[in-house]
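All heavy atoms count here, side chains included; hydrogens, waters and symmetry mates do not.
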Amino acid sequence: MRRERAALVGLIAGRARRLDAERSLDELAGLAEAAGAEVVLRVMQERPKPDPSTFLGAGKIATLAASAAETDVDVVVFDNELTPAQLRQIEEQVGRKIIDRTQLILDIFARRARTREGKLQVELAQLKYLLPRLVGAGTALSRLGGGIGTRGPGETKLETDRRRIRTRIHAVSDDIEQVRRRRAQLRERRQKASVPTVALVGYTNAGKTTLFNVLTRAEAEASDALFVTLDPLIRQVRLPDRRELLISDTVGFIDRLPHALVAAFRATLEEVTGADLILHVTDASAPDRDRQMAAVRQVLEEVGAIDVPLIEVYNKCDVITADERRRLQEREPGALCISALQREGIAELVDTLVSRLALDVSRLTLTFDPGNPGDREEIARLYRHARVLVHETRDGQVSIVADVPRRLIGQLAPAKM
């Protein structure tokens, strides 16, 4: 099957730097390739601000149309979000399919979604993006309406399409709300079981899933591609001191992640807000590392997770120089430098996890009756979730000294302490 031939269009507006715009266009090329396209043309325009009608201006649009015809382009991808009016105007003048950055990201998410939950969240984002862009697209959307019983008195085709999309948005939103409630119940159950949760977050392709596999000995799909992980994965990890924790791998973030997607994936991203600790995984070798880190923090703020305790983890440190490592550690002394692929720095990362999670404990002496089934369950739970320092049996009673997580303390009977 022939791959679509794509042209990429970027704009250097106002005080934006050419280098930043070129890096953003490089990222757009990665997105286009992830969507199955072959990039055959790149166009960059410099102007004080976007043209309200054609984004680039009449002259540059005419040049783009000629270049697209010459290179046999199928689709033109803009590195910005276009207004509905701009989309229509550009499509008329260029004579090619026009999509913007948001639409491209939504397309990749739709390709990567595997579970019903992931598909619902992507569909909701796509419908919200589509709704204001229906004007003039009646023929393309004819599958949505038409036929007996689909129109009200005097209702136009466009109104029918809008009504059907709004109805579908409402239905999908209800389904996602059920998903959100189910996730909340599972989180509450985990908290009652006192299992600490660590969430991995990071820019797409920073190596989160590779690190997840190393920590959990799992085999989640890891790939040098964008947005491979859409549905959150949660696995159990046993620490060296025999305690257990849960690690969740979440969707990769990206600069200018569409708001519709952030809203649609809120049910998934709540795994991050409910975590005890966040590991922010950053590609140490990325030339625009700071921009990527800022994009992740922005999404964390948007979903209400900015106050969750966080450890900065620089991944792919095996491909940077010793000088770059030193500069990273001088700039952020608490950060860790690892290579998930080469298994470098993993032991230090696990030690850091243990010490950070151990801060929230109290040392208690507890007494149990080993003949009581309930007490035996409590002892087993202590061994799973607390750090047992002393275990003694005297006069038919078991005495345990342990560092107990604070949220587990409230579930222990006062008589045991």
Side-chain angles (χ1 to χ4, degrees), residues 181-200 211-219 232-249 270-279 305 307-311 313 334 336 343 345-417:
R181 283 199 294 267
R182 191 166 65 248
R183 283 198 176 281
Q185 287 167 356
L186 289 171
R187 267 197 306 278
E188 195 176 330
R189 203 176 301 162
R190 290 199 299 266
Q191 285 167 354
K192 281 182 178 173
S194 302
V195 184
T197 306
V198 176
L200 296 178
L211 178 58
F212 176 82
N213 287 340
V214 170
L215 291 172
T216 64
R217 296 179 177 84
E219 293 181 359
L233 301 167
I234 300 176
R235 295 285 184 275
Q236 194 175 55
V237 175
R238 190 175 287 275
L239 296 171
D241 63 5
R242 298 181 64 184
R243 282 186 301 158
E244 294 170 355
L245 60 82
L246 293 172
I247 292 190
S248 68
D249 186 14
E270 279 176 359
E271 290 296 339
V272 180
T273 63
D276 296 280
L277 188 64
I278 291 174
L279 294 186
D307 295 326
V308 179
L310 181 143
I311 298 174
V313 179
L336 299 172
R343 309 294 198 267
I346 300 301
E348 186 188 355
L349 172 58
V350 171
D351 288 345
T352 305
L353 278 177
V354 171
S355 63
R356 285 293 292 268
L357 292 169
L359 291 175
D360 195 32
V361 299
S362 290
R363 185 160 295 181
L364 301 176
T365 302
L366 305 137
T367 307
F368 299 96
D369 175 6
N372 183 324
D375 278 17
R376 287 200 300 272
E377 282 182 20
E378 288 290 320
I379 292 170
R381 194 144 70 109
L382 276 177
Y383 269 92
R384 278 201 309 273
H385 306 308
R387 186 164 173 248
V388 175
L389 305 170
V390 178
H391 181 135
E392 292 179 340
T393 305
R394 283 185 192 165
D395 302 325
Q397 295 289 300
V398 171
S399 176
I400 290 178
V401 179
D403 288 335
V404 182
R406 292 188 199 283
R407 61 181 174 184
L408 184 60
I409 294 170
Q411 297 165 39
L412 296 169
K416 305 295 178 195
M417 292 182 254

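Every residue two or more places apart in sequence or in another chain that forms a side chain to side chain contact (heavy atoms under 4.5 Å, CB included) with Val350 is listed here: Leu215, Leu239, Pro240, Ile346, Val354. For Gln397, there are no side chain to side chain donor-acceptor pair (under 3.5 Å) partners two or more places apart in sequence or in a different chain. Listed by chain and number, the residues in a salt bridge (Lys or Arg N to Asp or Glu O under 4.0 Å) with Arg363 are Asp403 (sequence neighbours excluded). Partners of Arg181 by side chain to side chain donor-acceptor pair (under 3.5 Å), not counting sequence neighbours: none found. With sequence neighbours excluded, the residues satisfying side chain to side chain contact (heavy atoms under 4.5 Å, CB included) with Pro370 are Val398. Scored by the side chain to side chain contact (heavy atoms under 4.5 Å, CB included) test, Glu377 finds no partners at all (sequence neighbours excluded).
When every heavy atom of Ala199 is checked against every heavy atom of Val272, the shortest pair comes out as CB-CA, 4.1 Å. Across every non-hydrogen atom of Ala402 and Val388, the tightest pair is CB-CA, 4.0 Å. When all heavy atoms of Asp276 and Pro196 are compared, the pair lying nearest together is OD2-CA, 3.2 Å.
Screening Leu246, Leu353, Thr216 against Val237 for a side-chain contact (heavy atoms from CB on, under 4.5 Å) leaves a single residue, Thr216.
Note that CZ of Arg235 is 9.0 Å distant from CG of Asn213, once rounded to the nearest 0.5 Å. Atoms CD1 and OG1, on Ile400 and Thr393 in that order, are 8.5 Å from each other to the nearest 0.5 Å. The CG atom of Leu277 sits 7.5 Å away from atom CG of Leu310, with the distance rounded to the nearest 0.5 Å. Taking CG of Leu200 as the reference point, atom CG of Leu211 lies at 5.5 Å (rounded to 0.5 Å). For the atom pair His391 NE2 and Leu366 CG, the distance stands at 11.5 Å (nearest 0.5 Å).
Two residues are said to be in side-chain contact when any heavy atoms from C-beta on lie closer than 4.5 Å; Ser399 and Thr365 meet this criterion. For the pair Leu279/Ile247, no side-chain contact is recorded, criterion being any heavy-atom separation below 4.5 Å from C-beta on.
No donor-acceptor distance shorter than 3.5 angstrom exists from the side chain of Asp375 to the backbone of Phe368, with no hydrogens or angles considered.
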